[in-house]
> 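Sending over a structure as C-alpha cells; questions will come in a sec.
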Protein chains: 2
Amino acid sequence: MFKRWNKSIKKLEIKKKTTIKDIGDLLGLTPSAVSKALNNHPRISDKTKKAVQDAAIKLQYQPNFLSSALRKGKSNMVGLIVPRINTNYYSSVIENIEDVLNENGYNVIMAQTNESYNKECKSIDNLLNIQVDGIIASIANETVSFDYYQKIKEKGVPLVLFDRGENDLDVDYIGIDDYNCSHLIVAHLAGQNYKKIAHITGYSHTRIFKNRIRGFRDAMQKFDLPIQENSIIECNLQVEDGRRIMKALLNQEKRPDAIYAASDNAALGALEVLLEEGIQVPEEMAIVGFGNEPFSTIIKPQISTINQFNAEIGKQAALAFLERIKNPEKKVSLNKIILDSELMIRSSSYRKL
Amino acid sequence: MFKRWNKSIKKLEIKKKTTIKDIGDLLGLTPSAVSKALNNHPRISDKTKKAVQDAAIKLQYQPNFLSSALRKGKSNMVGLIVPRINTNYYSSVIENIEDVLNENGYNVIMAQTNESYNKECKSIDNLLNIQVDGIIASIANETVSFDYYQKIKEKGVPLVLFDRGENDLDVDYIGIDDYNCSHLIVAHLAGQNYKKIAHITGYSHTRIFKNRIRGFRDAMQKFDLPIQENSIIECNLQVEDGRRIMKALLNQEKRPDAIYAASDNAALGALEVLLEEGIQVPEEMAIVGFGNEPFSTIIKPQISTINQFNAEIGKQAALAFLERIKNPEKKVSLNKIILDSELMIRSSSYRKL
DNA sequence: CATGTTTATTCAATCGATTGAACAACTAAT
DNA sequence: ATTAGTTGTTCAATCGATTGAATAAACATG
C-alpha cells in the first residue's frame with residue numbers, strides 16, 4: 001500500500017513540470033513577480049531575483065516556450081525549406097544556418113520539398129501555422145508559380161532565399177554569380193584550346209540555370225566559339241542524366257570536345273561514360289562540373305569544378321534573416337548578397353597537367 | 001490623404017491574422033462554437049460546421065499552432081539530435097524520419113551536436129523547453145555520461161535512439177547487428193585467404209564500436225586467425241585518421257594484409273595511402289569499409305563495405321516514436337529493432353575479381 | 001505632519017484555442 | 001401539461017508566461 005502511494009507520488013513529480021507559479025508558491029511571490037525576476041526586470045529587487053533564480057534551479061524550472069511565444073507573438077523558430085538535405089551542398093548550407101541561428105536563440109524547423117511544388121506549398125502553410133518568425137528557402141525545381149512565397153511576404157513573415165531564388169519575389173537573396181561562373185569555365189576551356197563546348201544544365205525556368213546558360217552563351221561568343229546545335233541540354237542534373245546525355249552527345253555527328261555540366265553529379269555521369277568508352281579525359285574531351293562535391297576529388301581523373309563556399313552561403317542566409325528581424329521597418333534596401341566562387345582546375349580539364 | 005488611409009488599411013489587413021474570434025464575429029457565433037465546428041465536434045450542427053468552414057476559407061484562417069499546443073499540452077514537434085547532418089548516412093536517415101513524421105502531422109526540429117557533449121546537453125534542454133512531443137537521437141561521440149538523456153526520460157518525453165545507442169538507457173533503439181557485421185567481414189576476408197587483419201574502429205565506449213570490436217575478436221578466433229598486437233586501433237574514423245593509421249600500420253614490423261575499417265571515410269583514407277605507396281589492392285592488401293557511402297563505388301578500386309539501409313533506419317525510428325506516442329502506457333516492451341545489413345563485396349577485397 | 005518620490009510587488013488582462021459544464025430551445029413521451 | 005431527452009450553443013476556466021497599470025510600503029522633503 002505504502003509502496004504504491006510512493007510510486008504514484010513519484011509519477012506525479014515526473015509528469016508535473018514546474019511553472020513560475022510553483023516558484024512563486026515556494027517563495028510567497030506571485031507569478032508575475034517571478035516572471036519579472038527571471039526576465040531581469042529593473043523594478044525587481046536583487047534579493048528577489050537571486051531567490052527566484054535559486055528556486056528555479058532547485059525546482060528544475062524550464063520555461064514553457066509555447067506560452068511565452070504565444071504571449072509575445074514570437075516563436076523564435078525559423079522555417080527552412082530545401083529541395084532535399086541529402087546532398088553535400090544542402091547539408092553544408094543547412095548545417096551552417098542551424099549553427100548561426102542556434103547561437104542567436106533560434107530553432108530551425110526543417111522541411112524538404114523533394115523538388116515537388118505541392119509539398120512546397122504544404123510546407124509553407126505548415127510553417128506559417130507554427131508561427132515561425134521567418135523562412136529561409138531554396139525553391140523546388142518544379143516550382144514555376146510563386147504565389148505561396150507571396151503569401152509568406154503578405155503575412156509579413158521575413159523571407160530569405162538562397163541558391164534557387166527568384167528576382168520577381170523581391171526578397172533577400174544569397175547566391176553566387178552564376179553568369180560569371182560560366183565565363184570562368186568557358187575562359188578556362190577556351191584557354192586550353194577546347195572549341196566545341198557542350199553545356200549540360202538545369203531547367204532554364206530556374207534563375208540560376210538561366211543565368212548560367214546566358215553566361216555560357218555570352219562567353220562562347222566572346223571567345224568566338226560557335227555554339228553547336230543541341231549542345232545546351234536541360235535536365236535534372238543527376239548522375240543518370242549525365243550518363244544519358246553524354247551517350248547522346250557521343251552519337252552526335254559533331255561530337256563536342258568539352259563538357260560544362262551544371263552539377264558535379266551530371267559531370268560524374270558523363271565522365272563515367274567516357275571512361276567506359278575508353279575516351280581519354282582530358283586529352284580527347286574535357287569535363288568541368290559545378291559545386292565541388294567531395295567525390296569530385298575522389299574519382300580519377302579529378303573533376304574540375306566551381307567551388308561555392310557552402311558554409312558561407314549558409315551563414316549569410318542566417319545573418320540576412322537576423323538582420324531583417326532586427327530592422328523590420330527597413331524594408332527598402334534588400335540584401336542581395338552575391339558571394340565569391342572559384343574555379344577549381346583539376347585533371348579532368350587540364351591538358352598540361 | 002485617401003491613398004495613405006488606404007495603405008494603412010492594407011497594412012493592417014496584412015498584419016492581422018484571423019482568429020476563431022473573427023470567424024465567430026462574422027457568423028454571430030462564439031469562439032468556442034467555432035472551435036468545436038472546426039474540430040468536428042458532434043454537438044455542432046452540420047449547417048454551422050459548413051458555414052464556419054466557408055468563413056475560414058474566406059478569411060484565410062490559419063489556426064494558431066502555439067495556442068492550441070499550449071492548451072492541449074502537445075506541440076506536434078519532434079526533436080532530432082544528430083552528430084551532424086553533413087554525411088550521407090545521417091542526411092539519409094533524417095530525410096526519412098522527416099518524411100514519415102510529416103505524413104503523420106509532426107514537425108521536425110533539428111539539432112546538431114557536432115559530436116560535442118556540451119552542445120548535446122544544450123540541445124536537449126532547448127528541445128525540452130520547446131515542449132517537443134518526443135526526441136529521436138543519435139548520441140555524440142564525446143558523450144560518456146547519459147544524465148541528460150535520463151532527464152528526457154524523467155520528464156516523460158518519449159525517446160528513441162538510432163545508430164549510436166546505449167543499452168543502459170533502456171529506451172527504444174533502431175540499429176543494425178554490428179557484432180554480426182564484423183563476422184560477415186572477417187568471414188569474407190578469411191575466405192579470400194587474408195590472415196593478418198587489422199581493425200580501424202571508433203571509440204569503444206560507444207556501443208556500436210564496442211560490438212564491432214567484440215565481433216571482430218570473436219570472428220578472428222572462430223577462423224583461427226591470430227589478432228596482432230596493435231591491430232585494433234580506435235579513432236574518429238575520418239579520412240585523415242584512416243591515412244594516419246594506415247601509414248603507421250605500413251611501418252609496423254608485421255604488416256597486415258587486410259584492413260577492416262569501421263567507416264568508409266577511414267577506408268578511403270587508408271586506400272589513398274596504399275595507392276600512393278604503390279601497394280596493390282586487393283592483391284597485396286584488402287580493404288573493407290562500413291556504411292556504403294556513395295563515394296565507395298566511385299573510387300577505383302571500389303570499396304567493399306557494409307550497406308545499412310539508411311532509409312529504413314530513418315523510417316523505423318520515426319515509426320518507433322509514433323508507436324510510443326500511441327500507447328504511452330505500454331512502457332513495458334521496448335522496441336529494439338535490429339535491421340538487416342549486407343556486405344557489398346567489391347574489388348577492394350575480392351582477389352578473384 | 002502632509003506630500004511627493006522611489007522601490008518592490010501585486011492585479012488583471014492578454015495571447016488564441018480548447019473543453020467540460022451549463023443552459024436554452026425544441027421534440028418526444030407519459 | 002409535465003417530465004425526460006436531444007440538440008446546438010454559450011459560459012467560463014484553462015494552458016503558462018508576459019506586461020502595463022495599480023497599489024503599497026519605505027523614505028525623503030518642505
Side-chain angles (χ1 to χ4, degrees), chain A residues 15-53 55-56 59-77 105 126 128-133 155-156, chain B residues 15-53 55-56 59-77 105 126 128-133 155-156:
Chain A
K15 286 293 168 196
K16 196 168 185 290
K17 335 128 206 162
T18 48
T19 69
I20 52 172
K21 186 168 177 310
D22 298 323
I23 298 181
D25 289 347
L26 184 71
L27 301 173
L29 288 171
T30 57
S32 52
V34 176
S35 169
K36 282 173 180 154
L38 289 170
N39 289 305
N40 203 27
H41 190 105
R43 297 285 276 279
I44 295 289
S45 68
D46 289 347
K47 202 187 68 179
T48 305
K49 281 179 188 167
K50 182 82 177 64
V52 167
Q53 273 153 18
L59 297 180
Q60 291 206 57
Y61 170 72
Q62 292 201 302
N64 184 320
F65 149 87
L66 292 171
S67 59
S68 82
L70 174 61
R71 177 64 227 256
K72 294 204 280 199
K74 188 164 182 302
S75 66
N76 271 38
M77 293 194 290
N126 182 34
L128 290 176
N129 274 7
I130 299 186
Q131 317 276 110
V132 290
D133 290 344
K155 294 257 171 189
Chain B
K15 286 294 168 195
K16 197 168 182 292
K17 337 133 207 156
T18 48
T19 69
I20 51 171
K21 186 169 177 311
D22 298 323
I23 298 182
D25 289 347
L26 185 70
L27 301 174
L29 288 172
T30 57
S32 51
V34 176
S35 168
K36 282 175 179 153
L38 289 171
N39 289 305
N40 204 28
H41 189 104
R43 295 284 277 278
I44 296 288
S45 67
D46 288 349
K47 201 186 71 182
T48 306
K49 281 178 188 167
K50 182 83 178 66
V52 167
Q53 272 153 20
L59 297 180
Q60 291 204 58
Y61 169 72
Q62 292 201 302
N64 184 321
F65 148 86
L66 292 171
S67 60
S68 83
L70 174 61
R71 177 64 228 255
K72 295 203 279 198
K74 187 163 183 303
S75 66
N76 270 37
M77 292 193 290
N126 182 34
L128 290 177
N129 274 5
I130 299 184
Q131 316 275 108
V132 290
D133 291 344
K155 295 256 171 190

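A note on names: the letters A, B, ... follow the listed sequences, proteins ahead of strands, and every chain is numbered from 1. The shown structure was predicted, so the numbers you read here are calculated from the model rather than taken from an experiment.
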> Search all heavy atoms of Ser35(A) against all heavy atoms of Ile20(A) and return the closest pair with its distance.
CB-CD1, 4.1 Å
> Closest approach of Gln131(A) and Pro63(B), non-hydrogen atoms and distance?
OE1-O, 4.5 Å
> Considering all heavy atoms of both residues, which atom of Ile44(A) and which atom of Ala33(A) are nearest to each other, and what is their separation?
CD1-O, 4.0 Å
> Identify, residue by residue, the members of residues 29-39 of chain B with a heavy atom below 4.0 Å from DNA chain C, and return them in order of residue number, or none.
Ser32(B), Ser35(B), Lys36(B), Asn39(B)
> About how many Å separate CD1 of Ile23(A) and CG of Leu29(A), when rounded to the nearest 0.5 Å?
10.0 Å
> Identify the 5'-most and 3'-most nucleotides of DNA chain C with at least one atom closer than 4.0 Å to a non-hydrogen atom of chain A.
dT7(C) to dG16(C)
> Calculate the interatomic distance between Arg43(B) atom CZ and dC11(D) atom P; express it in whole Å.
16 Å
> For the OG1 atom of Thr48(A) and the NE2 atom of His41(A), what is their distance to the nearest 0.5 Å?
12.5 Å
> Does any non-hydrogen side-chain atom of Asn126(A) lie less than 4.5 Å from one of Phe65(B)?
no
> What stems, by residue range, does DNA chain D take part in, given at least 3 consecutive Watson-Crick or G-U pairs under 3.5 Å?
C:1-30 with D:1-30
> Between Lys21(B) and Asp25(B), is the closest basic N to carboxylate O distance under 4.0 Å?
yes
> Does NZ belonging to Lys74(B) count more than 12 external heavy atoms closer than 6.0 Å?
yes
> How is Phe65(A) classified with respect to the nucleic acid when contacts are heavy atoms under 4.0 Å: base, sugar-phosphate, or nothing?
nothing
> After noting the C-alpha distance and the side-chain angles of Leu70(A) and Asn64(B), does the key distance pass the side chain to side chain contact (heavy atoms under 4.5 Å, CB included) rule?
CA-CA 9 Å; Leu70(A) 174 61; Asn64(B) 184 321; 4.1 Å; yes
> Does the side chain of Val52(A) reach to within under 4.5 Å of the side chain of Leu38(A), using non-hydrogen atoms?
yes
> Applying a 4.0 Å non-hydrogen cut-off, can you work out what Gly24(A) is touching in the nucleic acid: base, sugar-phosphate, or nothing?
nothing
> Can you work out whether Leu70(B) or Asp46(A) has the more 5'-proximal nearest nucleotide on DNA chain C?
Asp46(A)
> Going from CG on Asp46(A) to CD on Gln53(A), what distance comes out if it is rounded to the nearest 0.5 angstrom?
9.5 Å
> Here's a test of your reading of the structure: between Arg71(A) and Ser67(B), which maps to the more 5' nucleotide of DNA chain D?
Ser67(B)
> Does His41(A) or Thr48(B) map to a spot on DNA chain D nearer the 5' end, using the closest nucleotide for each?
Thr48(B)
